[in-house]
Trainee: 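First the structure, which I've put down as structure tokens, then a few questions once you've had a look.
Since this is a predicted model, take the numbers as computed values, not measurements.
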Amino acid sequence: MAPTTRQPAEQPHPPDDGTTPGAAAAAPAVGAPLVRGKGRPRSAAADQAILDATREALAELGWGGLTMGDVAQRAGVAKTTLYRRWPSKSELVVDAIASLFDQLECTDRGSLQADIEAVVARFAELLTLPETQAALLALFAEGSRDPQLRRRIRERIVQPQKVLVELGRANAQARGEMDPDRDPATADEEIGIIFDTIAGTVEHRLLVSGEPVTADWIRRFTTLLLGPFPGLLR
């Protein structure tokens, strides 16, 4: 949507609060110096509104029906605001889903098995959301043809969630369930394998096989995962 008023050239740009332009900014005091910062500050509220609108549109329309214009309208922002933050649809969807997965936490529940079960249960809940399923399946397909998109998925979704494995491992070591890491490189490799095993198994079951993830299934899965380490099983 185009602005309904035009700012005088000598006035500084108003803060980019993400709302659709429409009202002129208040004029500076007489004699006050005009100070311009580097670019316009981003608005956390506008960013959140855009990400929420993206997930809402994904749930209703799917990947094919989602457009940047529709997201801007739902979020109540100008298309220029949206494109300034996210130049492409795929980048926008990656961040919208990444913000969902940011809700995942690994809290100390007294044992590594309990920690893993809680994270897997919450992860499965997020994967059952229509917007998450539509986004991930599309991103997997698009990412197979776009190396830059794959890199963005790793940076915004995969790497932040690996921190949960690191935290669960650290909690287990603090409780004496696991020995301290002796080699950082080996520990990092093991963390990657554990993450891939958990994320890949749950995603395959829900998104590919279409089978439910129940409390009983989660218990059986974690027991199998920790089976080679009897001391880690409750």
Side-chain angles (χ1 to χ4, degrees), residues 42 44 47-48 51-52 54-55 91-129 131-133 135-137 139-140 143 149-208 211-234:
R42 292 182 61 151
D47 284 356
Q48 189 60 53
L51 297 176
D52 291 344
T54 301
R55 292 192 295 270
E91 291 178 336
L92 172 61
V93 172
V94 168
D95 283 3
I97 297 306
S99 67
L100 264 186
F101 288 147
D102 286 343
Q103 300 175 25
L104 290 172
E105 296 179 341
C106 182
T107 57
D108 188 343
R109 294 174 177 265
S111 73
L112 184 57
Q113 183 173 14
D115 293 350
I116 294 175
E117 288 176 359
V119 173
V120 169
R122 181 57 181 148
F123 182 47
E125 288 178 6
L126 295 176
L127 287 181
T128 59
L129 298 174
E131 58 265 38
T132 308
Q133 295 188 3
L136 286 182
L137 291 174
L139 289 175
F140 293 158
L149 178 57
R150 281 203 306 272
R151 182 169 61 252
R152 188 173 181 86
I153 292 171
R154 285 197 302 270
E155 293 173 352
R156 291 289 293 114
I157 297 178
V158 176
Q159 292 299 335
Q161 301 316 313
K162 279 188 178 181
V163 174
L164 299 176
V165 178
E166 296 175 7
L167 182 57
R169 187 185 183 99
N171 288 341
Q173 291 170 341
R175 291 189 296 258
E177 292 179 293
M178 297 181 65
D179 293 333
D181 296 328
R182 297 181 179 179
D183 177 42
T186 300
D188 186 65
E189 184 175 296
E190 291 176 351
I191 287 170
I193 293 173
I194 294 170
F195 174 83
D196 290 344
T197 300
I198 295 175
T201 300
V202 179
E203 288 174 0
H204 187 279
R205 183 169 179 84
L206 285 170
L207 304 182
V208 180
E211 298 291 335
V213 172
T214 63
D216 182 63
W217 183 90
I218 293 174
R219 175 63 58 84
R220 293 165 70 96
F221 169 62
T222 54
T223 300
L224 179 63
L225 183 69
L226 300 177
F229 314 97
L232 297 178
L233 296 173
R234 287 183 297 184

Trainee: According to side-chain contact (heavy atoms from CB on, under 4.5 Å), who are the partners of T107, at least two apart in sequence or on a separate chain?
Mentor: E105, R109
Trainee: Between atom CZ of F101 and atom CG of L127, what is the distance when rounded to the nearest 0.5 Å?
Mentor: 5.0 Å
Trainee: Could I get the full list of ring-ring contact (aromatic ring centres under 6.0 Å, His included) partners for F195, not counting sequence neighbours?
Mentor: none
Trainee: Of all heavy-atom pairs between G168 and L112, which one has the smallest distance, and what is that distance?
Mentor: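 Heavy atoms of G168 and L112 come nearest at O-CD1, 3.7 Å.
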Trainee: Is the shortest heavy-atom distance from the side chain of R175 to the side chain of D108 under 4.5 Å?
Mentor: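 Sidechains of D108 and R175: in contact.
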Trainee: Of all heavy-atom pairs between Q103 and L126, which one has the smallest distance, and what is that distance?
Mentor: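 So the minimum-distance heavy-atom pair works out to OE1-CD2, 4.2 Å.
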Trainee: For E211 and L206, indicate whether the former's side chain and the latter's backbone hold a donor-acceptor pair under 3.5 Å.
Mentor: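 No, E211 side chain to L206 backbone: no donor-acceptor pair under 3.5 Å.
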Trainee: What heavy-atom pair brings I157 and A98 nearest, and what distance separates the two atoms?
Mentor: CG1-CB, 3.9 Å
Trainee: Going from CZ on R154 to CD on Q159, what distance comes out if it is rounded to the nearest 0.5 angstrom?
Mentor: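 If I round to the nearest 0.5 Å, the distance is 8.0 Å.
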Trainee: Any idea which heavy atoms bring I116 and I198 closest together, and the distance?
Mentor: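 What the structure gives for the nearest pair is CG2-CD1, 4.2 Å.
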Trainee: Quick check: closest heavy atoms across I97 and A135, and the distance to 0.1 Å?
Mentor: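 Heavy atoms of I97 and A135 come nearest at CG1-CB, 3.3 Å.
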Trainee: Is the shortest heavy-atom distance from the side chain of Q161 to the side chain of D102 under 4.5 Å?
Mentor: yes
Trainee: To check you understand the geometry: which heavy-atom pair defines the closest contact between A96 and S99, and what is its length?
Mentor: O-OG, 2.8 Å
Trainee: Taking the side chain as everything from C-beta on, heavy atoms only, tell me whether F123 gets closer than 4.5 Å to V213.
Mentor: no
Trainee: Can you pull the salt bridge (charged side-chain N to carboxylate O under 4.0 Å, His left out) pairs that have at least one residue in residues 189-206, sequence neighbours excluded?
Mentor: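 Only R169-E190 qualify under salt bridge (charged side-chain N to carboxylate O under 4.0 Å, His left out).
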Trainee: Can you find a pair of side-chain heavy atoms, one from L225 and one from Q113, that are under 4.5 Å apart?
Mentor: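 The answer is no, as the side chains (C-beta and beyond) never meet within the 4.5 Å cut-off.
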Trainee: Would you indicate whether the side-chain heavy atoms of V202 and W217 approach each other to under 4.5 Å?
Mentor: yes
Trainee: Could you list the residues that satisfy side-chain contact (heavy atoms from CB on, under 4.5 Å) with D188, not counting sequence neighbours?
Mentor: none
Trainee: Indicate yes or no for a side-chain donor-acceptor contact from D181 to the backbone of D183 under 3.5 Å, with no hydrogens or angles considered.
Mentor: no
Trainee: Less than 4.5 Å apart, any side-chain heavy atom of L226 and any of E177?
Mentor: no
Trainee: Contact between D115 and L167 at the side-chain level, heavy atoms closer than 4.5 Å - yes or no?
Mentor: no
Trainee: Taking salt bridge (charged side-chain N to carboxylate O under 4.0 Å, His left out) as the test, write out the residues that go with R122, two or more places apart.
Mentor: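 Testing R122 for salt bridge (charged side-chain N to carboxylate O under 4.0 Å, His left out), a comparison that skips the adjacent residues, returns E125.
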Trainee: Mark yes or no for whether T222, through its side chain, and R219, through its backbone, hold a donor-acceptor pair below 3.5 Å.
Mentor: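 Indeed, once roles are kept as given, a pair shorter than 3.5 Å links the two residues.
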Trainee: Who are the side-chain contact (heavy atoms from CB on, under 4.5 Å) partners of D179, not counting sequence neighbours?
Mentor: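 Once residues adjacent in sequence are excluded, D179 has no partner under the side-chain contact (heavy atoms from CB on, under 4.5 Å) criterion.
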